[in-house]
Undergrad: 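Shown below is the structure under consideration.
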Amino acid sequence: MEVMIYSEDFRIFRELVSAAESLKPDRISAAVIGERSFAEEARGFCDRVLFVESELDYSPSEYAEMLYQAVNSSDPQVLLVGGTAKGTPVAAMVSVMVGEPCATEVTDLKLTEEGLIVKRASFGGVAISDVKVGKRLFDRIASPKIACIKPGFFTPAEKTKNGEIEKIKPEVKKRVEILEIREKEVGEGFEDADIIVVAGRGVKKKEDLSLIEELAKLLGGVAGVTRPLSADLHWAPNWIGMSGIPVKPKLYIGVGVSGQIQHIAGIRNSKIIMAINIDPQAPIFEHADYGIIGDLYKVVPKMIEILKS
Amino acid sequence: MDIIVCVKQSYDVQQIKFDPKTGEPMLAGAPRKMSDMDRRALEEALRIREKVGGVVKTVSIGTPDSRDVVKEIYAMGADEAYILTDLKLEKADPDVTARLLSEMIKKIGNYDLILSGAASTDGYSWQVPAKVAAHLNLPFLPNAISINVNDAVMVDCDLGDAIYDYKAPLPCMVSVSLEINEPRIPTLSAILKASRKPFTEFHIKDFEVDLSPELEVISTAMPKVARKNFIVDASDASKLDEVRKIVDELRKENVI
Ligand SMILES: Cc1cc2nc3c(=O)[nH]c(=O)nc-3n(C[C@H](O)[C@H](O)[C@H](O)COP(=O)(O)OP(=O)(O)OC[C@H]3O[C@@H](n4cnc5c(N)ncnc54)[C@H](O)[C@@H]3O)c2cc1C
Ligand SMILES: Nc1ncnc2c1ncn2[C@@H]1O[C@H](COP(=O)(O)O)[C@@H](O)[C@H]1O
């Protein structure tokens with residue numbers, strides 16, 4: 001049984017290696033598009049690298065065509081794709097091309113006699129489901145069942161192999177033009193933080209984030225924000241939650257965070273959840289171990305004062 | 001400019017209840033609302049129409065209790081709504097959904113631009129738009145945070161590590177992110193008028209699509225984490241000392 005993996009991001013690629021290994025395949029192959037140095041590095045992690053030579057910048061339609069060619073140049077029964085904003089649409093399009101199903105937002109997977117079974121959030125993060133991907137495995141050549149693995153759920157693998165590289169150079173029609181690529185600032189990494197203090201819309205001005213940062217620092221933790229503060233207001237490069245970075249610190253403190261389900265879905269595995277909110281009805285209190293009803297502009301300075309004394 | 005928008009009536013996920021015994025979601029009669037990003041996709045289509053003229057049509061599929069979405073679609077200002085509902089679609093997966101949507105779109109015909117949400121609020125698969133694009137053989141641009149059209153379409157896409165500014169020929173398919181716009185709130189009179197406006201219904205038998213899902217949900221459960229729910233009220237200046245109780249608890253927990 002062959003598992004093929006693909007991600008444009010090297011850390012996530014190494015997470016996919018671990019996810020693939022958990023299925024105990026006979027061999028792991030990797031598709032690498034465009035970047036030769038990535039292909040060279042990838043050899044250390046799998047038995048075979050299909051290097052798709054291409055100058056094209058990313059667009060889902062063209063990358064799907066190239067990944068499809070890589071699949072056809074090998075014989076994977078399972079294709080694992082890094083579940084990023086770039087990876088998922090490519091996987092979904094390849095799924096149509098190979099005529100096999102694709103599961104997305106996958107946080108765990110296993111192979112049973114019944115086929116490939118994955119875990120994913122359902123109802124927008126409210127619940128977790130077990131989902132069977134395809135009625136059976138191994139039915140046709142080069143027709144893999146596909147899963148997009150959510151970043152951050154598998155430990156990145158270490159180098160243990162020295163696979164061969166095979167080059168392919170498919171003809172791919174360029175369908176869209178890229179006018180500009182604006183790189184984003186790289187935000188805080190939250191993987192190793194024991195304490196995370198998150199600011200929500202209750203924080204009124206960007207300058208006031210310093211209050212949240214001060215509290216985080218005093219506790220030896222890091223500060224984060226909810227989606228609107230990052231994606232709408234651009235106060236920070238990334239956000240905590242289901243569509244941002246899922247976290248599981250020892251202590252999570254939400255300050256002026258309402259606790260909508262998409263945010264909760266990303267903090268649910270924290271050991272202790274604490275909330276500061278002016279509204280006693282805020283949903284976050286239902287998910288909290290500790291809560292303070294009150295104005296964050298009074299409560300946070302008071303907390304800082306107590307911690308300092 | 002002919003624009004087709006894919007609009008899903010999602011479950012209102014914030015309000016889903018779970019059976020305390022089985023842990024399974026209780027979906028019969030559960031409240032629904034238009035999927036958050038789809039509302040933005042429709043808003044964006046209306047803004048494009050306001051700028052360059054044209055017609056905004058919507059396509060929706062789901063179970064019969066999702067039909068109410070049409071009222072809201074019209075109240076916001078769409079020109080024509082197309083809908084396909086059937087009880088058999090309860091277990092429809094992204095493949096079945098995308099196949100049916102693209103068949104509906106083919107039947108409707110003329111289009112320059114197809115818009116959708118990037119991910120639906122309840123399904124959250126991020127797949128349907130990419131699959132519709134693949135079935136219709138259209139270029140696909142995901143997670144748009146801004147769209148500008150003239151004879152081509154200029155789309156800025158938030159792809160995680162960077163913002164990609166694309167230029168694509170028409171027709172093409174674009175999915176929109178939550179932050180692309182602030183959708184309008186329909187007026188009361190628009191809502192009243194909307195309930196009388198006719199819409200077009202398709203039926204399963206109009207299409208040759210296999211409805212059995214390849215993604216089969218085996219089990220669903222609410223993750224159970226018991227929380228202590230120890231809440232103090234410090235809403236009043238005189239009660240601010242309550243904060244100390246929580247700090248003490250955190251110290252006892254050995255996390256600070
Ligand atoms: C598909 C999808 C994915 C999403 N993914 C994410 C995600 O990953 N992460 C995420 O965060 N969101 C996500 N969202 C958005 C989410 O639904 C909420 O809109 C968002 O989490 C709300 O952020 P907030 O709590 O900061 O703001 P609000 O909901 O506006 O809450 C602000 C809170 O601050 C309180 N407050 C106001 N003033 C004060 C004060 N002076 N002192 C104390 N409290 C005060 C208010 O009572 C309120 O509860 C997603 C949405 C969708 C549709
Ligand atoms: N049943 C449906 N009816 C209409 N549009 C849909 C439906 N399901 C998904 N879509 C569209 O596809 C987008 C992504 O959905 P999903 O793949 O479920 O995350 C949604 O935001 C909608 O625009």
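So that the names make sense, note that chain A is the first sequence line, chain B the second, and so on, each numbered from 1.
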Undergrad: Using side-chain heavy atoms (C-beta onward) and a distance below 4.5 Å, is D289(A) in contact with N229(B)?
TA: no
Undergrad: Flag the one option from V217(B), T220(B), T121(B) with the top tally of heavy-atom pairs under 4.5 Å to chain A.
TA: T220(B)
Undergrad: For residues S59(A) and Y166(B), determine if any side-chain heavy atom of one lies less than 4.5 Å from a side-chain heavy atom of the other.
TA: yes
Undergrad: Which of the residues E62(A), E286(A), R268(A) is involved in the greatest number of heavy-atom pairs with chain B at under 4.5 angstrom?
TA: R268(A)
Undergrad: Would V247(B) and L307(A) satisfy side-chain contact (heavy atoms from CB on, under 4.5 Å), going step by step from the backbone distance to the final call?
TA: CA-CA 8 Å; V247(B) 174; L307(A) 288 167; 4.0 Å; yes
Undergrad: Please flag which part of P129(B) lies under 4.5 Å from any non-hydrogen atom of chain A: side chain, backbone, both or neither.
TA: neither
Undergrad: Counting heavy-atom pairs under 4.5 Å with chain A, which one of L240(B), I256(B), D233(B), D95(B) comes out on top?
TA: L240(B)
Undergrad: In Å and rounded to the nearest 0.5 Å, what is the CD1 to NZ distance from I272(A) to K228(B)?
TA: 5.0 Å
Undergrad: Would the number of heavy atoms belonging to other residues, nucleotides or ligands and lying under 6.0 Å from CZ of R201(A) be above 12?
TA: no
Undergrad: Picking from I145(B), L178(B), V128(B), V155(B), which has the most non-hydrogen pairs under 4.5 angstrom with chain A?
TA: L178(B)
Undergrad: Under a 4.5 Å heavy-atom cut-off, does chain B meet the side chain of I117(A), its backbone, both or neither?
TA: side chain
Undergrad: Are K298(A) and V243(B) close enough that some pair of their side-chain heavy atoms sits under 4.5 Å apart?
TA: no
Undergrad: Side chain, backbone, both or neither: which part of V255(B) has an atom under 4.5 Å from a heavy atom of chain A?
TA: both
Undergrad: For I195(A), which atoms come within 4.5 Å of any heavy atom of chain B: side chain, backbone, both, or neither?
TA: side chain
Undergrad: For side-chain contact (heavy atoms from CB on, under 4.5 Å), just list the numbers for I146(A) and Q127(B), CA-CA rounded to whole Å, side-chain angles, deciding distance to a tenth of an Å, and then say yes or no.
TA: CA-CA 12 Å; I146(A) 306 173; Q127(B) 287 198 62; over 6 Å; no
Undergrad: Based on non-hydrogen pairs under 4.5 Å, which of I218(B), D236(B), V225(B) is most in contact with chain A?
TA: I218(B)
Undergrad: Determine whether more than 12 heavy atoms belonging to other residues, nucleotides or ligands lie under 6.0 Å from atom NZ of K184(A).
TA: yes
Undergrad: Are the side chains of D241(B) and K302(A) in contact, using a 4.5 Å heavy-atom criterion?
TA: yes
Undergrad: Go through the atoms of P283(A) and report whether side chain, backbone, both or neither lie under 4.5 Å from a heavy atom of chain B.
TA: side chain
Undergrad: Apply side-chain contact (heavy atoms from CB on, under 4.5 Å) to residues Y124(B) and S243(A) and explain how you reach the verdict.
TA: CA-CA 10 Å; Y124(B) 202 67; S243(A) 61; 3.0 Å; yes
Undergrad: Kindly check if the number of other-residue, nucleotide or ligand heavy atoms within 6.0 Å of NZ (K91(B)) is above 12?
TA: no
Undergrad: Between the side chains of E216(B) and K135(A), is the shortest nitrogen-to-carboxylate-oxygen separation below 4.0 Å, so that they form an ion pair?
TA: no
Undergrad: Do you know which of G124(A), S95(A), C102(A), P228(A) has the most heavy-atom pairs with chain B at a distance under 4.5 angstrom?
TA: C102(A)
Undergrad: Using side chain to side chain donor-acceptor pair (under 3.5 Å) as the criterion, point out the one residue from R182(A), K86(A), E180(A) that pairs with Y164(B).
TA: K86(A)
Undergrad: Quick one: what part of I278(A) sits under 4.5 Å from any heavy atom of chain B, side chain, backbone, both or neither?
TA: neither
Undergrad: Can you check side-chain contact (heavy atoms from CB on, under 4.5 Å) on M222(B) and V126(A), steps first, answer last?
TA: CA-CA 7 Å; M222(B) 177 89 163; V126(A) 181; 4.1 Å; yes
Undergrad: A quick test of your reading: do over 12 heavy atoms of other residues, nucleotides or ligands sit less than 6.0 Å from CD of E24(B)?
TA: yes
Undergrad: Taking the side chain as every heavy atom from C-beta outward, state whether Y290(A) and L250(B) have any atom pair closer than 4.5 Å.
TA: yes
Undergrad: Could you tell me which of E8(A), M97(A), R120(A), K119(A) has the largest number of non-hydrogen atom pairs under 4.5 Å with chain B?
TA: R120(A)
